[in-house]
Amino acid sequence: MEPAPRNGNRVRFKAFELDLRSRELRKHGLRLKLQGQPIDLLAMLLERPGELVTREELRTRLWPEDTFVDFEHGLNSAINRLREALGDHAETPRYIETLPRRGYRFIAAVEMESEPASAAEVATPAGAPAAEGAARAGAPWKQMAVAAAVLLGTLALLISANIAGMRNLLLRYTVPVPRIESIAVIPLANLSGDPQQEYLADGITDALITDLGQIRALLVVSRQSVVRYKGSNKPLREIARELGVDGVIEGTVQRSGDRVRITVQLIRAATDTHVWAESYDREFRDVLTLQSEVARAVAREIKVTLSPEESARFARTSPVNPEAFEAYLKGQFHWYRLSPKHLDRALGYFQLALEKDPNYALAYAGIANVWLVRGDSGFMPPVEGFPKARAAALKALELDETLAEGHIALGNIAALYDRNWAVGEREFRRGIELNPNSADGHFMYADYLISMQRSKEWAPEMRRVLALDPLNPFFQCFYGWHLVYLKRYDEAITQMRKAVAAEPGFSSAHMGLWGAVYKKGMYEEALAEADLFYAALNDHDVEDALRRGQAEGGYRRAMHNGAEVLARRARQSYVPGVRIARLYAHAGEKDQAIGWLQKANEQREPVLIHLNVAWDWDVLRDDPRFRNLVRQVGLPE
């Protein structure tokens, strides 16, 4: 069935274009593999954008001979395939809104474009006899004279009537330039020739991402997804396609003494054309003001309207102590590496920044994050790390209440350690409000929501995370964890295998895959993934114990042997109780598992926020001691 287009042959919406004649859907000019009923359905919706298209209308036009059951199945399948092609979701639609039991509505802005008539269509009006057309063809000079007279007469009328009207008429046939609604900042290149200055280029890139991220109307891809393109020769259009963005910012940084020169340019991905470029040469102390200028310039060039709060935040930027800023950038450079050694170095640099400027809020936020990671990752007991993190986060917010990083850190402390769910949620939401493009903020909030078993609210947050940081292995991995929490094991296995393939040495990916295949009863593969998890941690004692146990009696014996190794080690040094309880639970030894969970609770181990959803504890859920532990943690029952 061919819906009649409304005054146009092509329809554009955001990065997409549908050719109503050829039935081809393109994104950024690239044809998508979508055909048949999904395309026809999209064309029907685009006939009446913003209006309800009822299920009965769809059935009459697209499934006229099907039975009711076939129609239901066909419609659901077509809608799902269409949404998948558009990257749309029923819960948080950007394009197709579902009106339950009634139909669907296309909600994005659309632009209709008509192709100019062909030469033949101009020469022979529709319905003119062929002979008459042939006679005209025999008198070309006469035709040209008549056509010229008509054209001149028409132009004279247009000019005398309304010059602006003629301009509008011409603009109707101008191909619309696709708007830039999403951006990736490719790591700025270090032109100093000194590898020791890499931290500066990386730091300014991060700061620019953060500044742009405060603009709610713009999607800005996070650091971990763009960092892989540092020094890449890959075409920018290809990078944009991989990241799913409309625009790319690239540039250079060069420092000379107390001055820094930054050159940046904005490129439209769809057409691979320059939108804007600028160079800035400033004193190093003015670098934060410079970054805000760049963010405002980008917003202006892509015609994004800043809210009054966003404008005020950019205007508040003031000069920074150069030595403090330099120390902070070096601290961030090491913090991203997250190993105990690098965390130590990061902490030293953040403290140095405070020596240079005691009122430097970002340095306090950096210190808070160091102690958070130490306490959350098992590097030290949480009761030692989290109170220090809280003191630093509160100081950061005392100095600057608008610091998103401080609110997100405080949200983690409240949720993971204090178990104050209301404060944790409030702080996560405030951090996201201040920086809508914070992938960390959206992820931490999503993790909180799934722990509270609020899966409907979790879904849009997790989708936002994956849109903001599509290539980040950490988020890809923990999306798989969340799928296991939701008991969507087959999807989780697929997701985890992709994460493992991308990062073979990522311990958390192996743990997630271990849990997913374990829940499917695939015990040999579960044991293999457990072995790879401990290998990634360089814990060869547990590796050896697992292998001996497998030879002695299979999966449960292997888990028992591994737990015994960790339990003995815990007598000499700190070992998270949850790690030991997990192995005992998999071994079927409930008393030992619950005993170690109780010790974990005494240490206020953050991972206990997942007690209600984590796969490891399913064997314990009917035990009154476990239910009592859930109440002690304060989780909803």
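- Taking the six-membered ring where tryptophan is involved, the planes of F474 and F506 are tilted, since the angle between them lies from 30° to 60°.
- Side-chain contact check for Q332 versus L362: every heavy-atom pair is 4.5 Å or farther apart.
- For K388 and W371, the positive end sits near the middle of the six-membered ring, less than 6.0 Å away and at most 45° from its axis.
- For S438 and R464, the side-chain atoms include no donor-acceptor pair closer than 3.5 Å.
- No donor-acceptor contact under 3.5 angstrom links the side chains of N437 and H442, judged on distance only.
- Of the candidates V220, V221, V185, I239, V245 forms a side chain to side chain contact (heavy atoms under 4.5 Å, CB included) with just one, namely V221.
- For F475 and H482, the ring centers are positioned 6.0 Å apart or more.
- Ring pair Y349/H334 is parallel by interplanar angle, where below 30° counts as parallel and above 60° as perpendicular.
- Remark: the Q495 side chain and the Y479 side chain contain no N/O donor-acceptor pair separated by less than 3.5 Å.
- A salt bridge does not link R216 with E433: none of the charged nitrogens is closer than 4.0 Å to a carboxylate oxygen.
- No hydrogens or angles considered: nothing links the side chains of D469 and Q224 as a donor-acceptor pair under 3.5 Å.
- The backbone N or O of S182 sits less than 3.5 Å from a side-chain atom of D246, completing a donor-acceptor pair.
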- request: Go through the steps for W421 and I609 under the test side-chain contact (heavy atoms from CB on, under 4.5 Å), then give the verdict.
  value: CA-CA 10 Å; W421 317 127; I609 192 176; 3.8 Å; yes
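- The six-membered or imidazole ring of Y360 lies near that of Y328, with a centre-to-centre distance under 6.0 Å.
- Proximity of Y280 to V264: side-chain heavy atoms (C-beta onward) are separated by under 4.5 Å at one or more points.
- If you check the side chains of N472 and S225, you find no donor sitting under 3.5 Å from an acceptor.
- A cation-pi arrangement is found for R604 relative to Y417, the charged atom lying closer than 6.0 Å to the ring centre and inside a 45° cone about the ring normal.
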